Amino acid sequence: MDNKEEADTNARLTDSIQGDLDKEALSIYGLYPPLDASKREIRLLSIYDSEDANALLSGQLQRTTLNDDYTALSYVWGDEQNRRPIRLNGVGTTITANLEMVLKQLRTEKKATKIWIDAICINQRDNTEKSHQVQMMDDIYGHANIQTILWLGEMENDSDEAMKLISTADKQFFADYDPHTPSPGLDGIKHLLKRPWWKRMWVVQEMMLSPNPI
């Protein structure tokens, strides 16, 4: 196969994949116009409960407005090539492995209801809708009146000790601090601050605008 034939084959393959993605998006988001920014419309995801922590994620998207009660998620998308299956509105699709981890944890904690997640609640195949929703980002996080979940990643490198220290440390702790005494909590904080979440462009905005970040 010469270079031209290879290029033509790759182009046809790309067109086929793009076409399949467009059909998938149409099935998930329905035969509706993009979300109406003038009405402050958004979508919210609710994941169905399961007693099996490893069960396939399955959920429903609902169309609503910023006046609704909801939770927002602040997280790192993760490796776009590492994807895991999910069913949305009865249609099979995929999400990043990192998002799957978040949603399975929230499902276990019974907190996976009426959540705004950019990768899912925005039709990523619709550039008009994406543009409107990005412009609404301040309002979306600012109106997340239930809570905004700040997902830094799974528990590792003493992150549990770090979170305990963050929630309990007082003036006396710092008065008694000895740099020569090992502290799992402080070591955990050092590792937490190196996580990819802190490197995201929107992270400070999402945290500061949210009325109840956790």
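This one's a predicted model, so the numbers in the text were calculated from it and none came from an experiment. In this chain, residues are counted from 1 in sequence order.
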Inset, instruction - For Leu61 and Ile120, work out which heavy atoms get closest and say how close. - result: CD2-CG2, 3.8 Å
Legend entry - Test side-chain hydrogen bond (donor to acceptor under 3.5 Å, both in side chains) applied to Lys130 - qualifying residues, sequence neighbours left out: none
Inset, instruction - Examine distances only and state if a side-chain atom of Glu41 and a backbone atom of Leu35 form a donor-acceptor pair shorter than 3.5 Å. - result: no
Inset, instruction - Applying side-chain contact (heavy atoms from CB on, under 4.5 Å), name anything that partners Thr128, two or more places apart in sequence or on another chain. - result: Asp126, His132
Inset, instruction - Would you please name every residue forming a side-chain hydrogen bond (donor to acceptor under 3.5 Å, both in side chains) with Gln135, sequence neighbours left out? - result: Ser131
Inset, instruction - Give a yes or no answer on whether the side chain of Arg87 reaches the backbone of Ser58 with a donor-acceptor pair at less than 3.5 Å. - result: no
Inset, instruction - Tell me, yes or no, whether the heavy-atom count around Arg84 atom CZ, taken from other residues, nucleotides or ligands under 6.0 Å, exceeds 12. - result: no
Legend entry - From Lys111 atom NZ to Ile146 atom CD1, the distance as rounded to the nearest 0.5 Å: 11.5 Å
Inset, instruction - Mark yes or no for whether Asn89, through its side chain, and Val91, through its backbone, hold a donor-acceptor pair below 3.5 Å. - result: no
Inset, instruction - Verify the neighbour count for atom CD of Glu109: are there more than 12 heavy atoms of other residues, nucleotides or ligands below 6.0 Å? - result: yes
Legend entry - Minimum heavy-atom distance between Asn123 and Arg43, given as atom pair plus value: N-NH1, 3.7 Å
Legend entry - Pairs touching residues 45-56 that satisfy side-chain hydrogen bond (donor to acceptor under 3.5 Å, both in side chains), sequence neighbours left out: Tyr48-Gln60
Legend entry - Contacts of Thr96 that satisfy side-chain hydrogen bond (donor to acceptor under 3.5 Å, both in side chains) - sequence neighbours left out: none
Legend entry - Over 12 non-hydrogen atoms of neighbours within 6.0 angstrom of NZ in Lys39: no
Legend entry - Chi angles and distances behind the salt bridge (Lys or Arg N to Asp or Glu O under 4.0 Å) call for Glu100, Arg107: CA-CA 10 Å; Glu100 180 196 48; Arg107 181 177 64 181; over 6 Å; no
Inset, instruction - Can you spot which of Thr148, Leu99, Leu45, Asp118 makes a side-chain contact (heavy atoms from CB on, under 4.5 Å) with Leu73? - result: Leu99
Legend entry - Set of residues satisfying side-chain hydrogen bond (donor to acceptor under 3.5 Å, both in side chains) with respect to Gln133, sequence neighbours excluded: none
Legend entry - Backbone N/O of Thr113 and side chain of Tyr70: donor-acceptor pair under 3.5 Å: no
Legend entry - Heavy-atom closest contact (Met136 atom, Ile42 atom, distance): CE-CG2, 4.1 Å
